[in-house]
Amino acid sequence: TGIAQTLSLRLKAELGMCCGGEMEVYMEPIVPAARLICFGAGHVAEHTVALASTCGFQTVVVDERPDWNSQARFTSAKERFVESHVDFLSRFDFRATDLVVIMTHNHDHDRDILARVLRGHKGYVGMIGSTRKVEKSFKQLRLEGFKVDDLARVHAPIGLDILAESPAEIGVSVIGELIRYRHQHVSKKKTHGAAVKSMNKPRVPKA
């Protein structure tokens, strides 16, 4: 099940052991780190990959620009592919547990990557961009034959709503969403953090 649990077993009745008695066994799953495939090596990607590695994701960066997709900028990445997304996706095999983040420097690239990923990957897919850009991309993909259910799987604009502005802040919002996605089906937490109560308070003018 992927969830830690304690089992109570009757040794003779349930396991056929002659010694009899009862035993409690605690079992905790050892889950391999999920792989995060990041398309794009820009400023937001740099912060996102660094934070993802810190939070236990195995990170893969795909960007054909060698000066951007460099070891110096992505020191924590497990793998880097300095090649076009077309070449990469033509031979890459996705795992069911892979998470895909799309944040390249080109909107057309983002849409093309999204289309290709949706055809071959059923796991998490997120794409950066403004609401207007996302709507425009989705409209084009519908014209290409994608259904509403296909696009409903896409987390876009990606990231939790924390009013992020800088690349580092956007990276935090993206990783927050990925962590929530990773734990949503197995976590036993009853609380989800404090609600933001200050957002709707009227601004008090200075005297």
**Asked** Shared ILVMFWY cluster between Val60 and Leu99, side chains joined below 4.5 angstrom?
**Response** no
**Request:** Please answer whether the main-chain N or O of Glu64 pairs with a side-chain N or O of Asn69 as donor and acceptor at a distance below 3.5 Å.
**Result:** no
**Asked** Would a 4.5 Å heavy-atom cut-off, applied to side chains only, mark Val154 and Leu118 as touching?
**Response** yes
**Request:** Quick one: closest heavy-atom pair of Glu169 and Glu165, and the distance?
**Result:** OE1-N, 2.9 Å
**More than 12 heavy atoms of other groups within 6.0 Å of Glu144 CD** = yes
**Asked** Roughly how far, to the nearest 0.5 Å, is NZ of Lys136 from CG of Leu141?
**Response** 12.5 Å
**Item:** Ionic contact status for Arg65 with Asp63, cut-off 4.0 Å
**Value:** yes
**Asp150 side-chain N/O to Lys147 backbone N/O, donor-acceptor pair under 3.5 Å** = yes
**Asked** If you take all heavy atoms of Cys55 and Ile179, which pair is closest and at what distance?
**Response** SG-CD1, 3.9 Å
**Message:** Taking the side chain as everything from C-beta on, heavy atoms only, tell me whether Val49 gets closer than 4.5 Å to Leu36.
**Reply:** no
**Request:** May I ask you to test the Thr59-Cys38 pair for a side-chain heavy-atom distance under 4.5 Å?
**Result:** no
**Crowding at NE2, His107 (>12 non-hydrogen neighbours, <6.0 Å)** = no
**Request:** Please report the closest heavy-atom contact between Trp68 and Ala41, naming both atoms and the distance.
**Result:** CE3-O, 3.4 Å
**Prompt:** Could you state the interatomic distance from CZ (Phe39) to CZ (Arg116), rounded to the nearest 0.5 Å?
**Reply:** 10.0 Å
**Request:** State, yes or no, whether a side-chain contact exists between Asp98 and Arg95 at a heavy-atom distance under 4.5 Å.
**Result:** yes
**Request:** Begin with the C-alpha distance, continue with both residues' side-chain angles, and end with the deciding distance and a verdict on side chain to side chain contact (heavy atoms under 4.5 Å, CB included) for Arg153 and Leu151.
**Result:** CA-CA 5 Å; Arg153 296 199 295 113; Leu151 301 178; over 6 Å; no
**Asked** Is Glu46 salt-bridged to Arg73, going by a charged N under 4.0 Å from an acidic O?
**Response** yes
**Asked** Using 30° and 60° as the class limits, which term best fits the ring planes of Phe92 and Phe94: parallel, tilted or perpendicular?
**Response** perpendicular
**Message:** Under the rule for ring-ring contact (aromatic ring centres under 6.0 Å, His included), what residues qualify as partners of Phe146, not counting sequence neighbours?
**Reply:** none
**Shortest non-hydrogen separation from Gln58 to Ala33 and the atoms involved** = CG-CB, 3.8 Å
**Request:** Consider only side-chain heavy atoms of I, L, V, M, F, W and Y, link residues closer than 4.5 Å, and tell whether Ile102 and Ile37 are in one cluster.
**Result:** yes
**Message:** If you count every heavy atom of other residues, nucleotides or ligands that lies below 6.0 Å from Asp67 atom CG, does the total exceed 12?
**Reply:** yes
**Message:** Do Val125 and His155 have side chains that approach each other closer than 4.5 Å (heavy atoms only, starting at C-beta)?
**Reply:** no
**Item:** Shortest non-hydrogen separation from Tyr181 to Gly123 and the atoms involved
**Value:** OH-C, 4.2 Å
**Prompt:** Can you tell me how far CD1 of Ile162 sits from OG of Ser173, rounded to the nearest 0.5 angstrom?
**Reply:** 5.0 Å
**Request:** May I ask whether Ile175 and Ile158 are part of the same hydrophobic cluster, defined by side-chain heavy atoms of I, L, V, M, F, W, Y residues being less than 4.5 angstrom apart, directly or through others?
**Result:** yes
**Message:** Under 4.5 Å between side-chain heavy atoms, counting indirect links through other Ile/Leu/Val/Met/Phe/Trp/Tyr residues: same cluster for Tyr124 and Met103 or not?
**Reply:** yes
**Request:** Output yes when a side-chain donor or acceptor of Thr75 lies under 3.5 Å from a complementary backbone atom of Gln71, and no otherwise.
**Result:** no
**Request:** Output all residues satisfying salt bridge (Lys or Arg N to Asp or Glu O under 4.0 Å) with Asp108, sequence neighbours left out; order by chain, then residue number.
**Result:** Arg111
**Message:** I'd like to check Met23 versus Val25 (side-chain heavy atoms, cut-off strictly below 4.5 Å). Are they in contact?
**Reply:** yes
**Message:** Can you confirm whether His43 is buried at NE2, in the sense that more than 12 heavy atoms of other residues, nucleotides or ligands lie under 6.0 Å from that atom?
**Reply:** no
**Item:** pair Phe138-Lys133: side-chain heavy atoms closer than 4.5 Å
**Value:** no
**Complete:** All heavy atoms of Cys19 vs all of Leu11, minimum pair found to be SG-CD1, 3.9 Å
**Asp87 and Ser84: side chain donor to acceptor below 3.5 Å** = yes
**Asked** So, does Gln184 use its side chain to make a donor-acceptor pair with the main chain of Arg180 at under 3.5 Å?
**Response** no
**Asked** Do Arg35 and Thr97 touch side chain to side chain, with heavy atoms closer than 4.5 Å?
**Response** no
**Asked** Would Arg91 and Glu83 pass as an ion pair if we require N to O under 4.0 Å?
**Response** yes
**Test log, rule side chain to side chain contact (heavy atoms under 4.5 Å, CB included), inputs Thr104 and Val62** = CA-CA 9 Å; Thr104 78; Val62 183; over 6 Å; no
**Joint hydrophobic cluster, Val134 plus Ile170, side-chain heavy atoms closer than 4.5 Å** = no
**Prompt:** Do Asp112 and His85 have side-chain atoms, one donor and one acceptor, less than 3.5 Å apart?
**Reply:** yes
**Request:** Mind checking side chain to side chain contact (heavy atoms under 4.5 Å, CB included) for Ala168 and listing every partner two or more places apart, or none if nothing turns up?
**Result:** His47, Ser166
